[in-house]
Amino acid sequence: MELVINGFRQELDVRTIQDVIAHFGLEGKPVVVEADGAVLTKEQWATAEVRTQMQIELVHFVGGG
Amino acid sequence: MKKDVWRIGNHELSSRFFIGTGLFPNPYVQMEAIKASGAEVLTFAIRRINLEATEDDSILQHLQGESYRYLPNTSGASTADEAVRIARLARASGLSDWIKVEISANERTLLPDPIETLKATEILVKEGFTVLPYLPDDPVMCKRLEEAGAAAVMPGGAPIGTGLGILNPYNIGLIVEEAKVPVIIDAGLGSVSDVTQAMELGVSGVLMNTPVAKARDPVGMAQAMRLGIEAGRLAYLSGRISKKRYASASSGFDEFKLK
């Protein structure tokens, strides 16, 4: 299905947020997920189902002051 | 001498140096500089992951096993709503419930928007964050942020990354006199003399990134800044002399002068 991830349209064969994380090889990394404006904890990823056109943000800590 | 500790909320700190993690030439130099700084608090930004290069190492992997306190910022936000969104994402990392509210009103100066900063602070305090707002060097705004529940106030010395030092030491002095929460000079410092001046003015701490990361030798500069902070702090506690218009001899015994 088509998702908007970090501002880019992506056609992915996924069912849950956990699948999205796995698709990008981000398991075990310090990633934070927001889906349609709601922050999802790690515990929610496996049960949080994605739907077409969902706006997903995958963010992390970077250097900054 | 009694151990000179201070607190953000209930968290006790010995170091008065908050160090930023941007702009270092490489992770090795960054880690060595952090160690040399003696800092206990590290700042970060929150950004989208580059999905084209997710194998790139995370800045956090170099910090594993170390016990630093993380202070993520809301840089990139230009409104209170954007800052609140970034703060919630930062907290969802599970790494920290501290947040530096940083809301820029102008891309050229990156000066903080005090109205939006106040709004964001009010919301985040209600949500249980430990809020450290970056704000203008304005005594009234600092008081307003304190009343809104900020755990510390962080007035800028000068615009971010300029290294211009403390442009209004008079205001910083007033802020320190009036504040009931720690005052941390955030942004604009450039040299050891700047941080020493900040500490002599009585602030509780300083937050720096660029003057360390972009120094020719970041590790050496981190240590120099640490010493400058310690010197300035000790000088503040020890009480400097007042300034006089004319000379006064240091030897005394005027009646025994050779004639």
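Reckoned from all heavy atoms, side chains included, excluding hydrogens, waters and symmetry mates.
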Checklist outcome for this item: Ranking A:N6, A:I5, A:V59 by heavy-atom pairs under 4.5 Å to chain B gives rank one to A:N6
Next on the checklist: Checking A:E34 against B:R88 for the salt bridge (charged side-chain N to carboxylate O under 4.0 Å, His left out) test, could you report, in this order, the C-alpha distance in whole Å, the side-chain angles of both residues, the deciding distance, and whether it holds?
Outcome noted: CA-CA 10 Å; A:E34 184 194 70; B:R88 289 173 181 157; over 6 Å; no
Item to check | Part of B:R85 lying under 4.5 Å from any heavy atom of chain A | outcome: side chain
Checklist entry - Shortest non-hydrogen contact from A:G64 to B:N73? => result C-ND2, 4.2 Å
Next on the checklist: If I measure from the heavy atoms of chain A, does B:F24 come under 4.5 Å with its side chain, its backbone, both, or neither?
Outcome noted: neither
Checklist entry - Does NZ in A:K42 sit with more than 12 non-hydrogen atoms of other residues, nucleotides or ligands closer than 6.0 Å? => result yes
Item to check | Part of A:V62 within contact of chain B (heavy atom distance under 4.5 Å) | outcome: both
Next on the checklist: Is A:L26 in contact with chain B via its backbone, its side chain, both, or neither, using a 4.5 Å heavy-atom distance?
Outcome noted: side chain
Next on the checklist: Taking the side chain as everything from C-beta on, heavy atoms only, tell me whether A:H60 gets closer than 4.5 Å to B:I59.
Outcome noted: no
Checklist entry - Quick one: what part of B:E102 sits under 4.5 Å from any heavy atom of chain A, side chain, backbone, both or neither? => result side chain
Checklist entry - More than 12 heavy atoms of other residues, nucleotides or ligands under 6.0 Å from CD of B:Q223: is that the case? => result no
Checklist entry - Measuring from A:F24:CZ to B:E52:CD, what's the distance to the nearest 0.5 Å? => result 9.0 Å
Item to check | Residue A:E27 excluded, over 12 heavy atoms near CD under 6.0 Å | outcome: yes
Checklist outcome for this item: Note: A:V39 and B:A92 closest approach over all heavy atoms is CG1-CB, 3.2 Å
Next on the checklist: Does any backbone or side-chain atom of B:I49 lie under 4.5 Å from a heavy atom of chain A? Answer side chain, backbone, both or neither.
Outcome noted: both
Checklist entry - Where on B:L95 is there a heavy atom nearer than 4.5 Å to chain A: the side chain, the backbone, both, or neither? => result side chain
Checklist entry - Taking atom CZ of A:R51 as the centre, does the number of heavy atoms from other residues, nucleotides or ligands within less than 6.0 Å exceed 12? => result yes
Next on the checklist: Among B:G20, B:A187, B:G22, which residue has the highest count of heavy-atom pairs closer than 4.5 Å to chain A?
Outcome noted: B:G22
Checklist entry - Given a strict heavy-atom distance threshold of 4.5 Å, which part of B:S75 is in contact with chain A: side chain, backbone, both, or neither? => result neither
Checklist entry - Nearest heavy-atom pair of A:G63 and B:A45: which atoms, and what distance? => result O-CB, 4.0 Å
Item to check | Residue A:E11 excluded, over 12 heavy atoms near CD under 6.0 Å | outcome: yes
Next on the checklist: Does atom CG (A:D13) have a neighbourhood of more than 12 heavy atoms from anything else shown, all under 6.0 Å?
Outcome noted: no
Checklist outcome for this item: Of the listed A:P30, A:G25, A:G37, the one with the largest count of heavy-atom pairs under 4.5 Å with chain B is A:P30
Checklist entry - Which one of B:D186, B:L71, B:I46, B:L89 has the most heavy-atom pairs closer than 4.5 Å to chain A? => result B:L89
